[in-house]
**Q** 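I'd like to ask some things about the structure below.
The structure displayed is predicted, hence computed values, not measured ones.
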Amino acid sequence: MSDKISFAHSDITAPTPQNTPLTHAPIAAGLSRPTVPDISEDNEPEEEDANSAMQHAMLGMVQGKLAGLLGKSSGYVENLPVEVKKSVEALKGVQVKQVELQNQYKRECLALEKKYLELQTPLYDRRHAIITGKAQPTPEEIEAGEKESLKDDPDHTPLPKDTPASGIPEFWLTALRNHVALSELITDRDAVALKHLADIRLSYLPPTDPKPGFKLSFVFTPNEFFENEVLEKTYLYQEEVGYSGDFMYDRAIGTDIKWKEDKDLTKEFEIKKQRNKNTNRTRLVRKARPTDSFFNFFNPPQPPDENEEEVDEEELDELEEKLEIDYQIGEDIKEKIIPRAIDFFTGKALEYEDLDEDEDDFEDIEDDDDDEDRFEAEEDSDSDADVPARRRAPPKGRGAAGANNNVNPEECKQQ
């Protein structure tokens with residue numbers, strides 16, 4: 001019995017796969033720059049520039065045509081025999097059931113996350129009590145923490161046992177500032193308000209809600225900036241998992257902050273002088289304009305409505321980038337900052353953040369300036385004797401190593 005399938009139409013082949021060209025390489029390869037130099041060196045730059053310009057133009061035309069093929073059928077599936085098409089449709093039907101199971105799996109994962117969040121809630125409450133100074137840590141808690149400190153630093157000095165503990169001021173502000181992305185959002189003005197941040201809590205939306213998701217609650221003590229005791233940010237997922245098998249971000253909903261008079265940190269106010277054209281009288285007008293602030297986090301960007309007219313491509317790209325950043329920050333608060341708050345407060349978490357960088361994210365740098373500097377240094381080496389000793393380059397050996405004392409060998413390994 002043969003493993004091969006014989007089609008009624010023997011001339012059917014599989015060209016470029018459905019919906020996308022296979023590769024640009026075979027065409028682009030024919031447009032590579034010539035490697036044989038010209039005979040006349042005088043004309044080389046002009047000819048190279050002309051060749052390069054022509055190749056770029058041709059490559060642009062080719063890529064433009066290929067881009068036009070994206071999303072279009074190659075005709076391969078349409079030309080299959082009817083009996084094969086039936087099997088193709090059947091596989092789509094099988095996949096529908098697979099996707100249903102994947103949806104069920106992700107829903108159960110979300111339920112499991114919720115279960116373990118409930119188990120951790122008493123520990124989060126205990127953490128909050130210690131941070132605010134409402135409760136004294138037990139000797140067992142301190143001992144367990146010092147064991148962790150000894151793992152990180154063998155020279156760690158144990159704390160005196162007869163000294164009472166106190167609350168930790170600016171705990172959450174410090175933790176947020178030790179997150180790379182969030183530190184860029186927090187202005188000096190925001191920091192004054194965030195000193196009143198007492199806790200960050202996580203909750204999951206009930207299964208009765210139409211869409212799954214989670215909520216971040218920022219709990220504040222009374223402050224001079226806004227009346228809200230809690231600022232919330234809710235992230236909604238789409239009802240079905242995406243092509244990757246994970247829940248896809250749908251949109252976010254933030255709290256309407258009730259700012260006190262003249263305390264809106266998301267706006268800057270300026271006084272402008274205006275003159276009446278008819279009476280020539282002048283007046284002072286106070287105008288507000290949006291400004292960068294961490295509290296813009298509670299006024300998230302919204303994805304475009306499907307019923308809206310076509311959005312400019314550049315605006316759409318910018319909006320997609322904002323949505324992605326907003327979602328990633330929410331996920332980081334949920335997955336990293338809340339469960340590992342003490343590590344962000346101490347800065348320990350930053351050590352692990354560096355490990356997230358993949359080796360493939362780095363590439364070699366060809367620095368022509370370094371080559372030029374090295375060449376100039378070699379030319380000047382003969383005149384080193386005339387240079388005062390304090391200006392000479394350090395000699396090879398221990399002196400040279402001493403000159404590089406600031407280089408971190410771990411960074412070299414990562415590179």
Side-chain angles (χ1 to χ4, degrees), residues 169-201 215-236 249 251-305 308 311-334 337 344-345 350:
E170 303 179 15
F171 177 88
W172 287 103
L173 169 59
T174 305
L176 293 177
R177 275 186 153 171
N178 277 335
H179 181 280
V180 176
L182 285 168
S183 67
E184 296 179 358
L185 300 180
I186 299 173
T187 66
D188 291 339
R189 298 168 68 221
D190 295 331
V192 180
L194 287 171
K195 288 179 181 180
H196 297 275
L197 179 59
D199 202 4
I200 306 177
R201 298 170 184 167
K215 182 185 295 183
L216 301 172
S217 300
F218 293 71
V219 183
F220 286 84
T221 57
N223 61 83
E224 61 183 291
F225 296 94
F226 45 82
E227 297 175 5
N228 313 63
E229 292 182 4
V230 181
L231 301 181
E232 294 180 338
K233 180 78 169 282
T234 302
Y235 285 90
L236 299 177
Y249 171 75
R251 61 192 176 94
I253 304 170
T255 295
D256 183 17
I257 303 177
K258 298 176 182 177
W259 296 103
K260 295 181 180 180
E261 189 176 0
D262 296 338
K263 294 296 184 179
D264 190 340
L265 297 172
T266 65
K267 294 177 182 176
E268 281 185 341
F269 297 93
E270 60 179 350
I271 306 296
K272 284 197 171 183
K273 198 172 183 180
Q274 293 183 340
R275 185 184 299 278
N276 188 301
K277 296 179 180 178
N278 299 320
T279 64
N280 217 28
R281 293 178 59 186
T282 60
R283 66 174 183 178
L284 298 178
V285 179
R286 189 166 177 268
K287 289 192 174 183
R289 65 167 182 265
T291 188
D292 294 336
S293 170
F294 166 81
F295 291 93
N296 287 322
F297 177 73
F298 299 98
N299 183 25
Q302 295 300 313
D305 191 343
E308 287 183 8
V311 184
D312 180 71
E313 189 172 346
E314 286 188 8
E315 292 180 6
L316 189 60
D317 289 342
E318 184 179 348
L319 177 59
E320 286 180 353
E321 184 179 355
K322 288 181 179 178
L323 288 168
E324 185 177 350
I325 292 172
D326 179 71
Y327 174 63
Q328 187 59 57
I329 288 176
E331 282 286 329
D332 277 5
I333 294 173
K334 167 180 172 276
I337 293 177
F344 278 92
F345 176 81
L350 294 173

**Q** How long is the straight-line distance from OG1 of Thr234 back to NZ of Lys215, given to the nearest 0.5 Å?
**A**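 These two atoms lie 4.5 Å from each other.
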
**Q** Please answer whether the main-chain N or O of Ile329 pairs with a side-chain N or O of Asp332 as donor and acceptor at a distance below 3.5 Å.
**A**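 Checking the backbone N and O of Ile329 against the side chain of Asp332, no donor-acceptor pair under 3.5 Å is found.
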
**Q** Is a side-chain N or O of Thr255 found less than 3.5 angstrom from the main chain of Glu232, in a donor-acceptor match?
**A**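 Confirmed, Thr255 side chain pairs with Glu232 backbone.
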
**Q** Could you pull out the closest heavy-atom pair between Gly254 and Pro300, with the gap in Å?
**A**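 Minimum heavy-atom separation between Gly254 and Pro300: N-CD, 3.9 Å.
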
**Q** Please indicate whether Glu314 has more than 12 foreign heavy atoms, meaning atoms of other residues, nucleotides or ligands, lying under 6.0 Å from its CD.
**A**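 No, because the 6.0 Å sphere around CD of Glu314 holds 12 heavy atoms or fewer from other groups.
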
**Q** Please say whether more than 12 non-hydrogen atoms of neighbouring residues, nucleotides or ligands are located less than 6.0 Å from CD in Glu321.
**A**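 Check fails, neighbour count at 12 or below.
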
**Q** Could you measure the distance from the CD1 atom of Ile186 to the CG atom of Asp292? Nearest 0.5 Å is fine.
**A**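 Between Ile186 CD1 and Asp292 CG, I get 13.0 Å after rounding to 0.5 Å.
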
**Q** Mind checking whether Val219 and Glu229 have side chains closer than 4.5 Å, heavy atoms only?
**A**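 No. Closest side-chain heavy atoms not under 4.5 Å.
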
**Q** So, using salt bridge (charged side-chain N to carboxylate O under 4.0 Å, His left out) as the criterion, who are the partners of Asp256 when residues are at least two apart?
**A**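 Asp256 satisfies salt bridge (charged side-chain N to carboxylate O under 4.0 Å, His left out) with no residue once adjacent residues are dropped.
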
**Q** Which atoms form the tightest heavy-atom contact between Gly330 and Leu216, and what is the distance?
**A**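 In this case the closest contact between Gly330 and Leu216 is O-CD1, 3.9 Å.
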
**Q** Closer than 3.5 angstrom, by distance alone: can the side chain of Asn223 be matched with the main-chain N or O of Thr221 as a donor-acceptor pair?
**A**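 Yes: the side chain of Asn223 pairs with the backbone of Thr221.
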
**Q** Does Thr291 offer a backbone N or O that forms a donor-acceptor pair with the side chain of Asn296 under 3.5 Å?
**A**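 Yes, Asn296 side chain to Thr291 backbone: donor-acceptor pair under 3.5 Å.
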
**Q** One thing to verify: whether Asp326 and Lys233 come together as a salt bridge, which I'm taking to mean a side-chain N less than 4.0 angstrom from a carboxylate O.
**A**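 Salt bridge flag = yes for Asp326 with Lys233.
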
**Q** Can you name the closest pair of heavy atoms from Val230 and Ser217 and give their distance?
**A**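 Where Val230 meets Ser217 most closely, the heavy atoms are CG1-CB, 3.9 Å.
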
**Q** Surrounding CZ of Arg189 (heavy atoms of other residues, nucleotides or ligands, distance under 6.0 Å), is the total greater than 12?
**A**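 Counting other residues, nucleotides and ligands, CZ of Arg189 exceeds 12 neighbours.
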
**Q** Only pairs at least two apart or in different chains count here, so list each ring-ring contact (aromatic ring centres under 6.0 Å, His included) that has a residue in residues 266-289.
**A**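 Qualifying pairs, neighbours excluded: none.
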
**Q** Decide yes or no on ring pair (Phe, Tyr, Trp, His ring centres under 6.0 Å) for Phe218 and Phe298, but give the supporting numbers first.
**A** CA-CA 10 Å; Phe218 293 71; Phe298 299 98; 5.2 Å; yes

**Q** Mind checking whether Thr266 and Ile257 have side chains closer than 4.5 Å, heavy atoms only?
**A**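 A side-chain contact under 4.5 Å is absent here.
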
**Q** Give the minimum heavy-atom separation between Ala191 and Arg177, together with the two atoms involved.
**A**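 In this case the closest contact between Ala191 and Arg177 is CB-NH2, 3.4 Å.
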
**Q** Tell me whether the count of non-hydrogen atoms from other residues, nucleotides or ligands lying under 6.0 Å of CG in Asp317 goes above 12.
**A**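 Yes - once you tally the heavy atoms of other residues, nucleotides and ligands closer than 6.0 Å, there are more than 12.
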
**Q** Just checking Lys260: does its NZ atom have more than 12 heavy atoms from other residues, nucleotides or ligands closer to it than 6.0 angstrom?
**A**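 Count over threshold, so yes.
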
**Q** Side-chain contact, heavy-atom cut-off 4.5 Å: Ile333 with Phe297?
**A**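 Touching, per the 4.5 Å side-chain cut-off.
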
**Q** Looking at side-chain heavy atoms only, is the closest gap between Leu176 and Leu197 below 4.5 Å?
**A**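 Answer yes - side chains close enough.
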
**Q** Rounded to the nearest 0.5 Å, what separation is found between the CD atom of Glu320 and the CD atom of Glu324?
**A**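 Taking CD in Glu320 and CD in Glu324, the distance rounds to 9.0 Å.
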
**Q** Check whether more than 12 heavy atoms from other residues, nucleotides or ligands sit under 6.0 Å from atom CD of Glu268, and answer yes or no.
**A**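 Counting other residues, nucleotides and ligands, CD of Glu268 exceeds 12 neighbours.
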
**Q** Roughly how far, to the nearest 0.5 Å, is the CG atom of Leu350 from the CZ atom of Phe344?
**A**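 If I round to the nearest 0.5 Å, the distance is 7.0 Å.
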
**Q** Treating Asp190 as the side-chain partner and Ser293 as the backbone partner, does any N or O pair qualify as donor plus acceptor under 3.5 Å?
**A**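 A pair under 3.5 Å: no.
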
**Q** Apply ring-ring contact (aromatic ring centres under 6.0 Å, His included) to Tyr327 and list each qualifying residue two or more places apart in sequence or on a separate chain.
**A**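 By the ring-ring contact (aromatic ring centres under 6.0 Å, His included) rule, Tyr327 matches Tyr249.
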
**Q** Could you tell me if the side chain of Trp172 sits less than 4.5 Å from the side chain of Asp199, heavy atoms only?
**A**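 In contact.
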
**Q** Are side-chain heavy atoms of Phe220 and Asn228 found at a separation under 4.5 Å?
**A**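 Phe220 vs Asn228: side chains apart.
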
**Q** Walk me through whether Phe226 and Phe295 qualify under ring pair (Phe, Tyr, Trp, His ring centres under 6.0 Å).
**A** CA-CA 11 Å; Phe226 45 82; Phe295 291 93; 5.7 Å; yes

